[in-house]
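Just so it is clear, the model here is predicted, and its values are computed rather than measured. Reminder, nothing fancy here: chain letters follow the sequence lines and each chain counts from 1.
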Amino acid sequence: MAGTTTAGADGAAKRQAARPATMAQALNRAMRDAMTEDPDVHVMGEDVGALGGVFRVTDGLTEEFGEQRCTDTPLAEAGILGAAVGMAMYGLRPVVEMQFDAFAYPSFEQLASHVAKMRNRTRGRLPMPITIRVPYGGGIGGVEHHSDSSEAYYMATPGLHVVTPATVGDAYGLLRAAIASDDPVVFMEPKRLYWGKAEWNPDAPEQVPGIGEAVVRRRGTSATLITYGPSVPVCMEAAEAAREDGLDLEVVDLRSLVPFDEATVVESVRRTGRAVVVHESQGFAGPGGEIAARVGERCFHYLEAPVLRVAGFDIPYPPPMLEKHHLPGVDRVLDAVARLQWESDWVEGGR
Amino acid sequence: MAGTTTAGADGAAKRQAARPATMAQALNRAMRDAMTEDPDVHVMGEDVGALGGVFRVTDGLTEEFGEQRCTDTPLAEAGILGAAVGMAMYGLRPVVEMQFDAFAYPSFEQLASHVAKMRNRTRGRLPMPITIRVPYGGGIGGVEHHSDSSEAYYMATPGLHVVTPATVGDAYGLLRAAIASDDPVVFMEPKRLYWGKAEWNPDAPEQVPGIGEAVVRRRGTSATLITYGPSVPVCMEAAEAAREDGLDLEVVDLRSLVPFDEATVVESVRRTGRAVVVHESQGFAGPGGEIAARVGERCFHYLEAPVLRVAGFDIPYPPPMLEKHHLPGVDRVLDAVARLQWESDWVEGGR
Amino acid sequence: MPDSRTPADTPAEKNEEVLTMTVLEQPGAYRLSPPPAWRPRADPAPLLPDAEPYRLLGTEADLEKTPGRDTLLRLHRELVRGRRYNEQATALTRQGRLAVYPSSTGQEACEVAAALALEEQDWLFPSYRDTLAAVARGLDPVEVLTLLRGDWHHGWDPKAARVAPLSTPLATQLPHAVGLAHAARLKGDDVVALAMVGDGGTSEGDFHEALNFAAVWNAPVVFLVQNNGFAISVPLAKQTAAPTLAHKGVGYGMPGRLVDGNDAVAVHSVLGEAVERARSGGGPTLVEAVTYRMEAHTNADDATRYRTAGEVDTWRDHDPVLLLERELRRRGVLDDATAEDVAKGAEEMAAGIRERMNADPELRPMDLFAEVYAEKTAQLREQAAQLQAELDAEAEGNV
Amino acid sequence: MPDSRTPADTPAEKNEEVLTMTVLEQPGAYRLSPPPAWRPRADPAPLLPDAEPYRLLGTEADLEKTPGRDTLLRLHRELVRGRRYNEQATALTRQGRLAVYPSSTGQEACEVAAALALEEQDWLFPSYRDTLAAVARGLDPVEVLTLLRGDWHHGWDPKAARVAPLSTPLATQLPHAVGLAHAARLKGDDVVALAMVGDGGTSEGDFHEALNFAAVWNAPVVFLVQNNGFAISVPLAKQTAAPTLAHKGVGYGMPGRLVDGNDAVAVHSVLGEAVERARSGGGPTLVEAVTYRMEAHTNADDATRYRTAGEVDTWRDHDPVLLLERELRRRGVLDDATAEDVAKGAEEMAAGIRERMNADPELRPMDLFAEVYAEKTAQLREQAAQLQAELDAEAEGNV
Ligand SMILES: Cc1ncc(C[n+]2csc(CCOP(=O)(O)OP(=O)(O)O)c2C)c(N)n1
Ligand SMILES: Cc1ncc(C[n+]2csc(CCOP(=O)(O)OP(=O)(O)O)c2C)c(N)n1
Ligand SMILES: [Mg+2]
Ligand SMILES: [Mg+2]
């Protein structure tokens, strides 16, 4: 997917070296570059114009490309996504911003019954090159309906790609790939990583693997942490901490939930023999179910211990003052790692 | 849950013996009896009145209870479910019919953001005793959008119960229990079992276990088939067929997907040492993911083979003339059973 | 039709202008210290529908001048063919050749007029009820019936035909029409979208959102509501309490037009005007065509459960084919020879459909995986291989 | 307000009657052989809003007769307290005592009038913007602010207070109001529901579906749209092209009323009339109150990105508190002593809020599992045990 990480049309005069950039800035740059390169790319959503989005991810796009390229729509998510379907039918590449995870739900019928199915029902004649950006997850002190992790819904809908970056570089590269994709991509942006910074060169963004490829963020031999999005930094921290216990954990960042990179995951777990799936979404019928089931099936003879899951509780997302009790943190990850039957002392009843 | 299977207010004169009844008739009778016993039970939906619903499940209810107790609503699913929320807030017990699985999607926001969360956010002060009847699944020759299996969406939404009958007796008993429940129940009715008949006495319906209890439909020792709804008859047939191969399969009918009866499932698999999860919904991120992951974790040391899944393909539901290729049938179940490493000949790459 | 309804009299100005309006142009003044003068954002009067459904048949309008003899005869021919098409499709259902058929018998005037109102480059957005509109637009009936036959979900090339797939989830096609029309305008193309929906569909949120987007974006869209009296079994009175469905237009800032949906000439005229208005930058129009569904909802429905034969009979006198034929004969536009010729053509069309639909369709099971994505995922490759193996085994007679 | 708008003049008859209308009462007649005479289902004329926002302040209306001195003074007191409440809540945000606060500064007339228009047994359905309406209805401000403080999602007993939880997903509370009002009517109870929504919220499908259900069911509901000019950054002109939002009413068969939302007496009067109309079986009303959001959307918003200070300034002269106070003084209804007394009361209320909100709320982590279901599932029992163990370990200083 070489074309997806080019730096846009800026002249050499404006070129810069790497400098600290946030994920929000990288996402913004990805849209800017895509819009510059392809006049068919249109950004639309609530408050994406003058305001630049409530997270400022579309900052400056209307100023640069005009109101017809980055458009404040009426406040109606089904209407937004439905209109995007029509625009895609006419050859545009809409990039839709849903303001918060739970506010994508009104568009669920358009998503499940049209966006996901249009290519298939028309035997490929009406592909849906739509990117649906969904800020997701908690940890930002949001009140109810502002912190849902809705990726399980999208994963369970054949026809959609589901992608989620965990790093600044991936944010840029994966969003470019999503916009360039001829298939609909639900692009899940971990809210609490929006302001995380990394060294990054907007004029020569690093090449990153494309949609459908997981990445081993940290090599290890003792056990594999399988994770994505907002839980990647948690797992990296847990892996650091586990070194004190003499454990060398591998961390796999899935990057795409659909397509699912089974090869990378299975290779890792067969090598380490142990796995913990970590995510923020509720555990029951959450993404980890599919992942653990698949690992269990494909790595059966290599497993030294059951595949464990560390996830959000099976509850509606808590109010801000209690969210820390819900979010899977380093301690819970380490607890799960400790239960991976290092000495065949399997404890019944843990999660 | 004793009160949920009483026979209604009919006098002895009208009492009858068991006779062949369809699942549709049992569901109809469940609503009739619930409405007779409790004036707060209201049935509502599209065409539930004079027409008796497109599957005739509400046949005669308007005639018997009047238009205010069984109400043809305007054609707007979010409005129906949203109005039901308000009615429940005032103490009614709405029973909502969604006409087909995919036509419940417009109400997704009301379901996920209100129905599922209202009790929790109000600390129990506004429970939501709403039953949402969703005819689901395929095998009836329906054109697109008429055969979805949407249960994964509801399972992934904490706060909802998800229940699905596979027998005439369960249809009555579980629907009575759903209507009697103070929590919202998504009641998934397997369309292609609507017209399946069994001996059943409407005036003395059999007592069945309540919501949250699985049932072992067939005892066996070789392996456990874990299934629900439309796939229960398929698994029963597969179990019969497997006897030819000398295999004695156990069949667990989950009946409730939420709450999930882990105890029954785990007990069974620990006993047989092998398990196949069977459902019609797409495999990837489908209900079987959670089930297989949970069994894998809780039965790890008892498993002789990986937990396998037999499911619908990861595709939009096919057109009527091709659906037979999609639906998990007896042969696919037997194929999976054959791959349960009876002689340690694990085959890579099968599903 | 009042003259005030000309395309020049647009409810919303061009988009650019609308966007520069500020909140100060809203109402809210306190008389004692007036803020900038209040005015409504559009004049409501021209957006309101006529007091009665607009008609041309049975009036003294000079139809030979407008729409003219050719159009009258074309409408007649298509109506007769349309009726025959509906009968043929219904018959195919009885023979098990179609999984289901939602007939538009009684609604042919709307179906045909919708197709004829559009130019070559325009787009039609039909619902499941509107296969006839697609056929009248020139599509191959066998391709059009694919969804209802059941060998695939959809049968024609939407881009080549500029007819969107039949939409089953109610009203969901309306925002698509808005988005497409908007996109075409952004690209500078002269394209109008005409989207069809039923009276029941107007209750859905997507109807509301689509009309609002269309008005705010001033998109070249015509919304045609066929009010055929029922949403399956539910009569209009349980669907809405509005004076007419056309009265919804003003709430979006677009004109609402009310027309006798069984008067083919009137529907054609109203739609034609709305299409012209859209084409010339005047924005969207909502048209309510009052008609009646003569058959059951589909062959699977039992209409006797919710309406009387007498009610249906009353509408037989208002049959759109009858009305037009009677009028054209009265005016001397249609003679026996032409009528016979038309009938013969319709018979031939029906025979062609019958013959081709009686052949078994070619089934392509492997297509189940072909276009889920542009490229199959690893999981889909596995699953496709599994099905292929099953099919191979079956072909070898192993199963 | 024209006299034709009396409750007797209802748009939809009683439900029972509506449901017996048949499709033959629809339009669609062919003049040459007339079907049963066509008539619209309701007379549209009385459903249309006034040409300008209705006002009472600054007019010669005899306010001391209606609404009367007591109500005028009550409105004034609540407006002053409301303003003070808004200021206090905003200040608490700056001090980190609230997670977020969507202020209703500038909209106090709507908030207060909504609360005062209802009887004891009636229900209020507020959005996140409408904490003041809940407070003006008599709820404890600290309970009302629970959601925005963040210790729990909701803070009062909705049944005891007859105030539904603050609704964050836009317009979703409207069908709830319809369902509740409908249920109460079915039970024979005298209950009216008043539901509040913003101008942006009117674009959502749920708005449409709720209004349609209300009209078809003839439910006793009043929909109050506070058109405060913006949906976060999006101005009204990008939200709708309608002449006014009140023009949406006719499309559902309910009256649409347009009122100056900064004229507390006018809003109170229009809402009072709509509530009475609903109570007496006249069905729902849509009220658009034209007002202005003086603060940013919430403390997290930067309003300078999308509007000028000048625009905001223009509205300062139309401040609802100022308007009412000026008028009451002009009319001699309000004297210095009363005004001072009112101000003092407001200060005391603010001090009370400050003090209680400065105390740390009692956090109850185990409540995360308490009311997900009536009874915990096995999975939730496991998870609760896990959290309890973690909390215990923490309490013992083990973590
Ligand atoms: C979202 C959605 N809900 C429900 C249905 C099921 N359904 C199919 S047709 C129909 C009635 C539609 O009535 P109307 O809009 O008046 O169109 P008509 O069939 O009369 O042409 C219903 C309820 C559907 N297709 N989509
Ligand atoms: C369904 C939904 N979509 C988006 C949002 C995010 N959001 C919160 S407030 C708001 C603007 C609402 O504007 P308006 O309805 O005019 O109410 P106001 O804030 O002006 O009172 C938006 C877009 C939401 N809360 N719910
Ligand atoms: Mg209809
Ligand atoms: Mg607003």
Side-chain angles (χ1 to χ4, degrees), chain B residues 39-40 42 44 49 66-69 71-92 94 106-107 109-110 112-114 116-127 129 158-161 181-184 211-212 256 258-263 294, chain D residues 15-16 19 123 125 147 152-160 164-165 167-169 171-187 189 191 193 204-206 208-217 219 364 367-380 382:
Chain B
D40 284 338
H42 283 247
M44 56 200 282
E67 294 206 341
Q68 301 296 11
R69 293 286 304 285
T71 308
D72 278 335
T73 62
L75 214 171
E77 293 77 9
I80 296 171
L81 190 55
V85 168
M87 291 163 73
M89 286 170 74
Y90 204 76
L92 300 187
S107 62
E109 182 188 31
Q110 284 290 345
S113 293
H114 288 297
K117 297 191 168 97
M118 192 68 85
R119 171 190 282 277
N120 181 66
R121 65 207 282 240
T122 61
R123 292 193 195 273
R125 274 151 174 164
L126 290 181
L160 302 177
H161 287 317
S181 169
D182 283 340
D183 284 321
I211 291 174
S256 299
V258 183
F260 181 75
D261 184 354
E262 187 175 304
R294 201 161 278 268
Chain D
N15 228 5
E16 298 68 40
L19 300 186
W123 273 71
F125 285 79
L147 169 76
W152 196 252
H153 304 294
H154 171 84
W156 65 89
D157 182 343
K159 283 187 179 161
S167 180
T168 297
T172 54
Q173 70 276 23
L174 306 184
H176 303 173
V178 176
L180 183 133
H182 178 63
R185 211 166 64 113
L186 291 182
K187 291 207 173 211
D189 295 349
V191 172
E204 291 280 7
D206 276 22
H208 175 70
E209 301 189 10
L211 267 73
N212 190 43
F213 271 66
V216 170
W217 286 355
R364 294 149 61 178
D367 277 8
L368 291 180
F369 305 98
E371 296 285 356
V372 180
Y373 299 102
E375 216 177 297
K376 283 194 196 68
T377 62
Q379 285 80 35
L380 285 178
E382 259 184 31

Quick check: do D:K187 and B:L92 have side-chain heavy atoms less than 4.5 Å from each other?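 SC-SC contact between D:K187 and B:L92 confirmed.
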Would you check if D:E209 and B:Q110 make a side-chain contact, meaning some heavy-atom pair closer than 4.5 Å?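 No, every pair of side-chain atoms sits at 4.5 Å or beyond.
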Tell me, for [X] versus chain D, whether the close heavy atoms (under 4.5 Å) come from the side chain, the backbone, both or neither.
X      : value
B:H161 : both
B:L75  : neither
B:S113 : side chain
B:A84  : neither
B:S181 : neither
B:D40  : side chain

If you count heavy-atom pairs under 4.5 Å with chain B, which of [options] comes out on top?
options                        : value
D:H208, D:Q173, D:H154, D:E375 : D:H154
D:D157, D:L380, D:D206         : D:D157
D:L186, D:L174, D:V178         : D:L186
D:V372, D:T172, D:T377         : D:T172
D:A164, D:A214, D:G155, D:P158 : D:P158

Sort out for me which of B:G159, B:G124, B:P39 touches chain D most, counting heavy-atom pairs under 4.5 Å.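 Top option by heavy-atom pairs under 4.5 Å: B:G159.
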Using a cut-off of under 4.5 Å for heavy-atom pairs, which of B:H42, B:M89, B:R125 has the most such pairs with chain D?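 That would be B:R125.
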For [X] versus [Y], what's the shortest heavy-atom pair and its separation?
X      : Y      : answer
D:F213 : B:G79  : CZ-C, 3.6 Å
B:E262 : D:E382 : OE2-OE2, 4.3 Å
B:Y90  : D:A183 : CB-CB, 3.8 Å

First locate atom CG of B:N120, then atom CG of D:D367, and finally report the distance between them rounded to the nearest 0.5 Å.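 Between atom CG of B:N120 and atom CG of D:D367 there are 9.0 Å.
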With rounding to the nearest 0.5 Å, note down the distance linking CE in B:M44 to NE2 in D:H182.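 Reported value, rounded in 0.5 Å steps: 7.0 Å.
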Before accepting this row, confirm whether a basic side-chain N of the pair B:R119/D:E371 lies closer than 4.0 Å to the acidic partner's carboxylate O. yes
Is D:Y373 reaching over with its side chain to a backbone N or O of B:L160, donor-acceptor style, under 3.5 angstrom?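 Looks like yes, one N/O pair under 3.5 Å.
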Parallel, tilted or perpendicular, judged at 30° and 60°: which one describes the rings of B:H114 and D:H176? perpendicular
